[in-house]
Amino acid sequence: MIRTRRLRLTPFLRDLTSEYRVTVNDLVMPFFVVEGQKKKEAIPSLPGIYRYSPDKLVEEVEKIHLEKGIKAIILFEVSRNKDKTATASRQENGVIPRVISLLKKKFPHLVIITDICLCTYTSHGHCSILTEEPKQRKKKNLPDTVATDNDATIEVLAKMALSHAKAGADFVAPSAMMDGQVGAIRKRLDTHGLTYTGILAYSAKYASHFYGPFREAMQSAPGHGNRKSYQMDFRNSREAIREIQADIQEGADIVMVKPALAYLDIIQRVKSSISQPVAAYNVSGEYSLVHHYKNGDREVLIYEIATAIKRAGADLIITYHAAELADILNATYQNLQEKRE
Ligand code: PBG
């Protein structure tokens, strides 16, 4: 008989022989930012997560960064200023550049990542500029697809990224799934001497139904059609490698798989194909599922999920559970041990 249980007999033995460990170093906390002052708006489908005005955001970041030890955040603007060409996306005095300067002054070591996408700024809710409205296409009897102006969009994304980088963002994270977006951004940043601003590319971003709560938070659901002509088809796995390789060629420093929990196989596949760091985005719908889970200890469930994402191969994890997870991971040895019994 092979007695594999010998190594599992006591908590110390299990710790000693454990293979993967999530740490606070791996976590990135997402934040939603709105214009204004003293705002803390609840998001019904994301309980515990809020939209903050810049002043309130600084207070929140202080808690998770200085008190809990989280080293990185990713910022999303919730814009109420929407038009067809996403004008509000690239203003150098916009809310995101202002927030970056505020945060950098107070927390110089904090790693600030910003999401680069147009969906919160476009009146139609798509991640790109469109060449024509669906009604026009229908009239002309053209196939039913979203008429994305890919090449015009990547120039706008590059301008948006530049405005964040100039304000001091450490990483910009293009998430619009436009071809060539990473290359266009890298070129623009380099031209302006921002050679050390990194790119965290949302490379393998699937057209997923797990983004529902985020779209409510951002008020960014597409008004017509869906995102399937630019985000990936969840029936595909090899295609993720193609996306990742293209982004690496164009200059991505870190690549991302999104969502995470339902896509652990993709994380593992990507990890074994490249040597760049791999990020995973444990998205809003995954958070919401866990929130509604009633039959167990939620803290241990969160810990188990984060460990699974790590075990699959993620080096960093973007998660709405980051603050809670930091508490779980920072708990004294005894407390944590009791939880895991
Ligand atoms: C922007 C963007 C989305 C998410 C991150 N960046 C939504 C989408 O593509 O519709 C989703 C994040 C989440 O669900 O937590 N395009």
Side-chain angles (χ1 to χ4, degrees), residues 27-33 43-51 73-79 82 86 88-89 96 113-122 124-130 146 148 150 153-154 156-157 160-161 164 171-179 181-182 185 199-234 243 254-263 279-291 302 305-306 309 314 316-323:
L27 307 177
V28 181
M29 178 76 191
F31 281 107
F32 298 106
V33 197
I43 303 160
S45 58
L46 281 174
I49 304 294
Y50 300 85
R51 303 183 193 100
I73 61 168
I74 180 164
L75 298 173
F76 298 91
E77 178 180 358
V78 184
S79 177
K82 301 172 193 274
S89 63
I96 295 289
I113 306 166
T114 61
D115 189 80
I116 304 295
C117 188
L118 304 187
C119 57
T120 187
Y121 304 105
T122 51
H124 44 71
H126 279 287
C127 302
S128 67
I129 290 168
L130 305 181
V146 173
T148 301
N150 188 99
T153 302
I154 62 176
V156 174
L157 295 172
M160 181 178 175
H164 296 180
F171 273 81
V172 288
S175 73
M177 286 301 279
M178 294 295 119
D179 293 332
Q181 60 182 10
V182 172
I185 291 172
I199 299 181
L200 191 171
Y202 283 71
S203 304
K205 176 174 177 179
Y206 284 85
S208 168
H209 283 263
F210 283 106
Y211 305 152
F214 175 94
R215 291 182 190 169
E216 184 189 309
M218 294 281 281
Q219 299 154 341
S220 67
H224 63 79
N226 53 48
R227 305 210 200 285
K228 289 183 184 171
S229 77
Y230 41 99
Q231 299 180 348
M232 284 178 54
D233 188 324
F234 57 69
E243 286 285 356
I254 304 176
V255 293
M256 196 201 291
V257 174
K258 179 186 167 199
L261 192 52
Y263 293 78
Y281 198 143
N282 186 211
V283 299
S284 59
E286 297 176 324
Y287 175 90
S288 152
L289 287 185
V290 171
H291 189 85
I302 292 167
I305 290 172
I309 295 171
L316 45 146
I317 307 172
I318 303 179
T319 172
Y320 302 94
H321 293 298

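Counting begins at 1 with the first residue of the sequence. All ligand and atom numbering here is 1-based and tracks the order in the structure.
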Determine whether a donor-acceptor pair (N or O, by modelled atom type, separation under 3.5 Å) exists between the side chain of T120 and the backbone of S220. no
Taken to the nearest 0.5 Å, the spacing of I309 CD1 from E286 CD works out to 6.5 Å
Geometric cation-pi criterion K258 and Y211, 6.0 Å radius, 45° cone: yes
Walk me through whether K205 and R227 qualify under side-chain contact (heavy atoms from CB on, under 4.5 Å). CA-CA 11 Å; K205 176 174 177 179; R227 305 210 200 285; 6.0 Å; no
Using the benzene-type ring in the case of Trp, are the ring centres of Y263 and F234 under 6.0 Å apart? no
Those protein residues which place at least one heavy atom below 4.0 Å from ligand 1: F76, D115, C117, C119, C127, S175, Y202, K205, F210, Y211, F214, R215, R227, Q231, K258, Y281, V283, S284, Y320
Pick from D115, T114, I113: which one makes a side-chain contact (heavy atoms from CB on, under 4.5 Å) with H164? T114
